[in-house]
Amino acid sequence: MTVSLGAADFAATVHVPGIVLVDFRSSRSGSSRAFAAVFEAASVRHPDLVFATVDTEAETGLTAEVGVRSAPTLMVFRDGVLVFAEPGWLPGDSLDLLVATVRELDMPAVRAVFPEPIDRR
């Protein structure tokens, strides 16, 4: 299951322990609509993770602030650190591989490079 995010709750959602995937999407984008089904299916396969969406048309300020230039764009946070951000959509098996990779990250090593969470709000 996915949750919708806006400017008011974005930072509080992504700056938590664990893994948070955020799909920045637009209802006018065919790619966004195609990825929405993949993203929702992945949320069922990985119920221990947070899957969130941001409507780029309704949240233009937030979208610009975090540097999203096209929809869909996927951002993945682990323990408050942005560890992945790419425009475009992924097929389900690639999204599962990304999740597995993020789960295996050596967070002390990541924190050594990025000691402070990125403040995106």
Side-chain angles (χ1 to χ4, degrees):
M1 181 162 98
T2 60
V3 297
S4 295
L5 296 180
D9 54 2
F10 182 80
T13 302
V14 302
H15 291 152
V16 297
I19 299 172
V20 180
L21 294 90
V22 184
D23 173 19
F24 288 81
R25 61 174 67 161
S26 166
S27 62
R28 294 188 284 185
S29 164
S31 295
S32 283
R33 290 190 304 272
F35 185 56
V38 172
F39 194 72
E40 184 66 36
S43 75
V44 173
R45 290 190 304 276
H46 304 282
D48 58 318
L49 308 182
V50 175
F51 284 76
T53 63
V54 174
D55 179 342
T56 60
E57 295 166 40
E59 295 291 338
T60 56
L62 173 61
T63 300
E65 186 175 330
V66 298
V68 170
R69 297 181 192 267
S70 65
T73 290
L74 178 63
M75 290 186 171
V76 182
F77 296 83
R78 169 122 183 239
D79 300 335
V81 177
L82 179 63
V83 296
F84 179 89
E86 291 292 326
W89 69 279
L90 300 171
D93 58 345
S94 295
L95 186 53
D96 289 339
L97 179 59
L98 175 60
V99 166
T101 301
V102 172
R103 286 184 192 275
E104 296 297 320
L105 285 175
D106 177 354
M107 288 310 290
V110 171
R111 287 251 183 252
V113 176
F114 304 101
E116 297 295 324
I118 296 171
D119 185 11
R120 297 287 190 180
R121 265 293 303 144

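Owing to the predicted nature of the structure, the values given are computational and were not obtained by experimental measurement.
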Residues R103, L98; criterion side chain to side chain contact (heavy atoms under 4.5 Å, CB included); working and verdict: CA-CA 9 Å; R103 286 184 192 275; L98 175 60; over 6 Å; no

Verdict with reasoning, V38 to L95, per side chain to side chain contact (heavy atoms under 4.5 Å, CB included): CA-CA 8 Å; V38 172; L95 186 53; 4.2 Å; yes

Looking only at heavy atoms, which two atoms of S29 and P72 are closest? And how far apart? OG-CD, 4.1 Å

Minimum-distance pair of heavy atoms, taken over all atoms of V66 and F24: CG2-CZ, 3.6 Å

Should the pair D106-R111 be classified as a salt bridge under the 4.0 Å nitrogen-to-oxygen rule? no

Would you say V83 and V113 are hydrophobically clustered, going by side-chain heavy atoms of ILVMFWY under 4.5 Å? yes

So do L49 and R78 actually touch side chain to side chain, heavy atoms under 4.5 Å? no

Does S32 use its side chain to pair, donor to acceptor, with the backbone of R25 at less than 3.5 Å? no

Can you name the nearest heavy-atom pair linking T63 to T56, along with the distance? OG1-CA, 3.5 Å

Quick note, salt bridge (charged side-chain N to carboxylate O under 4.0 Å, His left out) partners involving residues 6-19, not counting sequence neighbours, are none

Out of curiosity, S4 OG to D23 CG, how far, rounded to the nearest 0.5 Å? 10.5 Å

Taking the side chain as every heavy atom from C-beta outward, state whether S27 and E57 have any atom pair closer than 4.5 Å. yes

Do the side chains of V22 and T53 get nearer than 4.5 Å, heavy atoms only? no

Could you tell me if the side chain of D79 sits less than 4.5 Å from the side chain of M107, heavy atoms only? yes

I'd like to know if the side chain of E40 pairs up with that of T2 as donor and acceptor (distance under 3.5 Å, no hydrogens or angles considered). yes

Quick check: is L90 connected to L97 through a chain of hydrophobic side chains (ILVMFWY, heavy atoms under 4.5 Å apart)? no

Just say parallel, tilted or perpendicular for the rings of H46 and F51, cut-offs at 30° and 60°. parallel

One should read off an interatomic distance between L62 CG and E65 CD, to the nearest 0.5 angstrom, of 6.5 Å

Step-by-step side chain to side chain contact (heavy atoms under 4.5 Å, CB included) determination, M75 to L21: CA-CA 6 Å; M75 290 186 171; L21 294 90; over 6 Å; no

Distance (rounded to the nearest 0.5 Å) between F84 CZ and L74 CG: 5.5 Å

Do F77 and V50 have side chains that get closer than 4.5 Å, going by heavy atoms? no

